[in-house]
Amino acid sequence: MPSRTDRPLTLLTDYGVGGEHVGALHLALAAACPDAPRVDIAHDIPPGDIRWGALTLSRHAPALPSAVHLAVVDPGVGGPRRALAIGLEDDGYVVGPDNGLLGPIADVLRVRIAVELRAMPADVPRTFHGRDLFAPAAAHLSTGGLLVELGAEIDPAGIVHPRTDPPKVVPGLLSAEVAGRDRFGNISLLARRADLVRAELGSGPLMVLGSDGRAVGVTAGTRFGDVAPGELLLYEDSNRVLSVAQRGGDAWAVLGCVSGSRLTVTARRT
Amino acid sequence: MPSRTDRPLTLLTDYGVGGEHVGALHLALAAACPDAPRVDIAHDIPPGDIRWGALTLSRHAPALPSAVHLAVVDPGVGGPRRALAIGLEDDGYVVGPDNGLLGPIADVLRVRIAVELRAMPADVPRTFHGRDLFAPAAAHLSTGGLLVELGAEIDPAGIVHPRTDPPKVVPGLLSAEVAGRDRFGNISLLARRADLVRAELGSGPLMVLGSDGRAVGVTAGTRFGDVAPGELLLYEDSNRVLSVAQRGGDAWAVLGCVSGSRLTVTARRT
Amino acid sequence: MPSRTDRPLTLLTDYGVGGEHVGALHLALAAACPDAPRVDIAHDIPPGDIRWGALTLSRHAPALPSAVHLAVVDPGVGGPRRALAIGLEDDGYVVGPDNGLLGPIADVLRVRIAVELRAMPADVPRTFHGRDLFAPAAAHLSTGGLLVELGAEIDPAGIVHPRTDPPKVVPGLLSAEVAGRDRFGNISLLARRADLVRAELGSGPLMVLGSDGRAVGVTAGTRFGDVAPGELLLYEDSNRVLSVAQRGGDAWAVLGCVSGSRLTVTARRT
């Protein structure tokens with residue numbers, strides 16, 4: 001039976017699943033804390049997409065509150081950004097770069113204490129902090145090591161947050177930034193169902209406009225069966241954020257989305 | 001040591017490996033039954049391809065007969081299809097949507113008892129039954145909970161089966177539907193070696209014709225070395241079904257297969 | 001608690017992560033040695049790329065020295081190549097085909113004893129030795145079985161090595177073969193930092209020439225921040241081999257690499 005101090009570990013990266021980089025993280029953790037369960041949250045964060053990584057982490061990590069969450073989306077590896085380990089109010093920990101990736105989860109689970117990880121010896125490669133800096137810190141915490149042994153305490157108020165533009169809401173119009181997509185082409189927006197209600201667009205036939213001007217009819221609903229095959233659905237997804245799906249298809253392609261583009265929802269003129 | 005009632009869990013979905021949806025299933029299971037081993041069977045089922053998911057499940061789940069098999073290929077999530085948990089004669093369980101996904105495994109491992117899962121509370125999102133309905137049911141069974149606590153018993157004869165057209169066999173000709181492909185482009189057919197023998201095509205130089213009319217020579221054999229590099233092999237694959245491979249290449253592309261297309265095998269005129 | 005003889009297992013294949021073939025390996029191992037931890041090193045080795053699989057295995061397997069390393073990149077499955085199990089000096093084991101895949105790890109960790117696996121019964125499919133031959137052998141070793149029970153001892157000097165051309169080094173010029181790429185498009189070369197130093201190119205502005213004649217400026221450095229966004233960096237990567245990256249981009253595409261192509265590094269004329 002795992003000892004009481006071997007916390008489970010979760011992993012979230014933009015390394016791409018199935019590759020040697022994710023493998024190297026698992027090997028480092030399996031060697032340092034063999035009795036700690038390891039759970040992969042996601043490894044398909046688009047390379048360098050800190051914001052999408054941060055949102056994904058903040059949405060899923062709370063499902064395993066006592067875990068040590070190891071998160072690495074780190075295009076500035078080896079650069080001046082800080083490396084952090086954070087103790088959360090609800091018992092768990094988060095370890096990763098202070099480039100915005102940790103801001104949303106720190107908001108959701110609240111910071112009890114945070115430290116900046118000590119720099120690595122000069123002879124360690126500068127390009128794989130996931131394996132060489134963050135994984136050892138996570139293993140230290142999983143096996144009962146103290147947070148304060150990892151570095152000097154910092155002010156939690158200084159933890160970096162990613163840019164997440166609030167939606168623009170006026171009666172009859174909701175404009176929101178595209179945050180990401182899943183495998184099915186479902187589009188996750190930086191908006192919530194309450195924003196749609198504030199825009200007085202909570203029901204009825206709607207239009208959605210892509211950044212490139214294309215306009216497609218969409219129906220507000222709660223499940224894919226609410227629209228006919230091929231039609232678009234505007235719904236609160238399982239992360240409780242507003243999303244657009246095409247039943248049986250790929251909404252991302254239909255609306256010509258690209259990373260950082262916006263979608264605008266309006267009433268449909270009939 | 002895991003308690004005796006913590007059964008291993010297997011996972012099969014069309015969510016795409018490496019993404020947050022598979023991660024969310026693992027997190028839900030790790031939180032609810034931390035001592036149960038979890039084994040991923042496959043997550044690369046083409047989106048919504050219930051039949052290929054059903055065949056893959058029925059071929060591989062029997063390797064771990066005492067497990068709880070959690071299977072979700074569910075394009076109709078939130079719609080009228082039933083959600084089931086099935087107790088198998090050989091000890092294990094299967095949990096998933098009753099849309100055809102569970103039919104073949106129910107045939108292979110035989111049903112002892114089946115129940116329809118109770119509907120979820122109204123405030124649960126309708127689009128992620130994998131995490132919110134099926135995973136909790138699987139965790140309940142893994143940790144020793146009773147099947148009948150999950151819902152009302154149903155008649156196993158009513159479990160939905162996917163369409164699996166039998167091959168057409170006449171002397172000198174075998175026509176079979178394409179069921180799926182693997183990473184190497186090897187084509188899995190809805191036919192068995194016995195069908196080839198019935199068609200009197202068990203050996204010698206053969207032709208294979210794609211749906212679009214292209215015709216390529218193929219050799220019946222048992223291993224890739226039976227043909228020269230670049231040539232096609234017709235063989236009984238490791239799932240004991242008839243398959244077509246190109247040595248060192250991609251038979252799927254060579255024969256212009258698409259999902260649901262057919263291949264026809266005949267003797268080669270020499 | 002796992003018994004003392006249940007060694008961890010690592011897996012490296014070209015099967016593609018998320019597919020039924022990797023799933024079948026995990027199922028076979030979970031059934032045969034349920035208490036042995038399983039760690040995936042990589043499954044995205046390009047199909048049949050024995051050399052890249054061999055290098056990846058030799059770089060990462062030493063992180064878990066007491067494990068049984070199951071490696072399958074086996075385009076000649078069912079053909080005359082031998083199937084081996086190797087006992088390493090530092091305690092662990094390697095199991096896989098003797099087609100070059102095992103040569104580099106045997107060099108790095110040194111062979112204590114090696115055996116050729118006994119042939120399988122004739123009624124076993126000839127196309128999935130990973131599941132049907134290598135996984136059972138690995139499980140046997142994980143659970144404390146003896147190596148000599150698996151087959152007859154062979155001379156370790158006969159273990160096959162992959163072709164790994166040494167770099168060409170003259171003052172002012174380093175030419176090296178491209179060994180592989182990661183998800184970010186970073187290019188791994190068959191050369192080391194010492195080769196660059198021998199070529200008197202350890203610092204300053206450099207040029208890198210692709211096989212197709214294109215020439216791009218590159219800077220020797222130690223971390224991505226050493227170059228501006230969009231520029232190329234020549235660095236010793238986390239595997240301690242010479243690599244080329246584009247900051248925020250895909251060096252593989254920029255330099256038009258294909259498998260087996262070469263890159264040449266020279267001084268930049270200013």
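Please read these numbers as outputs of a predicted model, since none were measured by experiment. Chain letters run A, B, ... following the sequence lines, proteins first and then strands; every chain starts at 1.
- B/Leu263 pairs in a side-chain contact (heavy atoms from CB on, under 4.5 Å) with only one of the listed residues (B/Leu234, B/Val218, B/Leu190, B/Val178), which is B/Val178.
- Most heavy-atom pairs under 4.5 Å with chain B: of the set C/Glu20, C/His21, C/His26, this distinction falls to C/Glu20.
- The pair B/Arg112-B/Asp91 does not meet the salt-bridge criterion, since no charged nitrogen lies less than 4.0 angstrom from a carboxylate oxygen.
- Contact annotation for B/Ser243: neither backbone nor side-chain heavy atoms come within less than 4.5 Å of a heavy atom of chain C.
- For C/Arg126 and B/Glu236, the salt-bridge test fails: no basic side-chain N is under 4.0 Å from an acidic carboxylate O.
- A distance of 6.0 Å or more separates the ring centres of C/Phe128 and C/Phe134.
- In this structure, the portions of C/Ala31 lying under 4.5 Å from any heavy atom of chain B include both its backbone and its side chain.
- A salt bridge is defined here as a Lys NZ or Arg NE, NH1 or NH2 lying under 4.0 Å from an Asp or Glu carboxylate O, and B/Arg193 with B/Asp195 fails to meet this definition.
- Residue contact with chain B, scored on non-hydrogen atoms closer than 4.5 Å, is absent for C/His129.
- Between chain C and the residues B/Ala42, B/Gly225, B/Ser238, the largest count of heavy-atom pairs under 4.5 Å involves B/Ser238.
- Using a 4.5 Å cut-off between heavy atoms, B/Arg240 touches chain C through its side chain atoms alone.
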